[in-house]
Every structure is written in structure tokens, then in C-alpha cells.
Amino acid sequence: QVQLVESGGGLVQTGASLRLSCAASGRTFSHYAMGWFRQAPGKEREFVAAINWTGGSTHYAGSVKGRFTISRDNAKSTAYLQMNSLKPEDTAVYYCAQGVVYSDYEWAGHWDSWGQGTQVTVSS
């Protein structure tokens, strides 16, 4: 049974940084792409970032490019999302996702496993 557990969320001020972690278990971590999505109150879930199974290719939403960095440690079965220069509009529940994904990372339907989410709140 696949399990994804996010951690690292919290309440920070504008301009601060946070690093989210996603610990995976239940299947061979290095065989799957990893992604991060977020959902703000009253809005649909949106793509944030993705990384392929080797870590050699990354993809970002335009709204976070240059501020967020996705990475993975296959030896630790963990994916990360380093978030810098946080803005109030980054406030959302952040979800980790895993799947066999080679393109169209933005489409949530490609990802077959999801974590429970971690809250990130950025105050102005």
C-alpha cells in the first residue's frame, strides 16, 4: 500500500522560506515521478512542481518558477519542495503526489497516489 506523508508546513511571513518533505513508502520510490500540488480555499487544486524518477528533469508552474525548487533523495524515498520568497498567494494546502508520469505533469489525473496535505500559510 502506497503511503505519502507530507511535513514541513507552517505559518510564516511574506518573504520567508519553508521546506516541505514527502516521505514515501509501499513501492520502489525511484521508479516514479514525484509532484507537488496545492489547493487554496475556494479554488481548484493546481500544479506546483514535478520531478522525474531520476531527478534529472524538473517542471514548475509559472507562478513559482524561480522561487520554488523540487528535489528528491531516492536513497531516503523522500521528495522535497524548497519554497523561498513566499507570498500570501502561496497560502494553500500542499499535496505530494506520485505516479508514472512522463508528460503533462500539470494534469492531476496522471498521478495515482496522494498524500494528506500540509498547510502553508503566508501572512502579509
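Just so it is clear, the structure is predicted and the values come from calculations on it, not from any experiment. All values below were derived from every heavy atom in this structure, side-chain atoms included, with hydrogens, water molecules and symmetry-related copies excluded. Starting from 1, each residue takes its place in the sequence as its number.
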May I have all residue pairs that pass salt bridge (charged side-chain N to carboxylate O under 4.0 Å, His left out) and include part of residues 49-63, sequence neighbours excluded?
none
Applying side chain to side chain donor-acceptor pair (under 3.5 Å), can you list everything that pairs with S57, at least two apart in sequence or on another chain?
H59
Which hydrophobic side chains are connected to L81, either touching it within the sub-4.5 Å cutoff or through other members that do?
V2, L4, V12, L18, L20, F29, M34, W36, V48, I51, Y60, V64, F68, I70, M83, L86, Y94, V120, V122
Suppose the criterion is side-chain hydrogen bond (donor to acceptor under 3.5 Å, both in side chains): which pairs have a residue in residues 19-29, not counting sequence neighbours?
R27-Q98, R27-D112, R27-S113
Sequence neighbours excluded - disulfide bond (SG atoms under 2.5 Å apart) pairs with any residue from residues 48-87:
none
Contact list for residues 21-121, test disulfide bond (SG atoms under 2.5 Å apart), sequence neighbours left out:
C22-C96
Taking the side chain as every heavy atom from C-beta outward, state whether W111 and Y105 have any pair of such atoms under 4.5 Å apart.
yes
Can you list the other members of the hydrophobic cluster that holds Y102, where links are side-chain heavy atoms under 4.5 angstrom apart?
Y32, V100
Can a donor-acceptor pair be found, under 3.5 Å and without considering hydrogens, that links the side chain of T118 to the backbone of G9?
yes
Please list all pairs meeting salt bridge (charged side-chain N to carboxylate O under 4.0 Å, His left out) that have one or both residues in residues 56-73, counting only residues at least two apart or in different chains.
R67-D90
Roughly how far apart are T69 OG1 and N84 CG, rounded to 0.5 Å?
6.5 Å
Can you list every pair that meets side-chain hydrogen bond (donor to acceptor under 3.5 Å, both in side chains) and has a residue in residues 1-15, with sequence neighbours left out?
E6-Q116
Do other residues, nucleotides or ligands put more than 12 heavy atoms under 6.0 Å from W114 CH2?
yes
Which heavy atom in S17 sits nearest to a heavy atom in S85, and how many Å separate them?
OG-N, 4.3 Å
Compare every heavy atom of W53 with every heavy atom of S30, then report the nearest pair and how far apart it is.
O-CE3, 3.1 Å
Any salt bridge (charged side-chain N to carboxylate O under 4.0 Å, His left out) pairs touching residues 39-57, not counting sequence neighbours?
R38-E46
Please name the pair of heavy atoms, one in A40 and one in A92, separated by the smallest distance, quoted to 0.1 Å.
N-CB, 3.8 Å
Considering only Ile, Leu, Val, Met, Phe, Trp and Tyr, and joining two whenever side-chain heavy atoms are under 4.5 Å apart, list the other residues clustered with L11.
none
For Y95, all residues meeting ring pair (Phe, Tyr, Trp, His ring centres under 6.0 Å), sequence neighbours excluded:
none
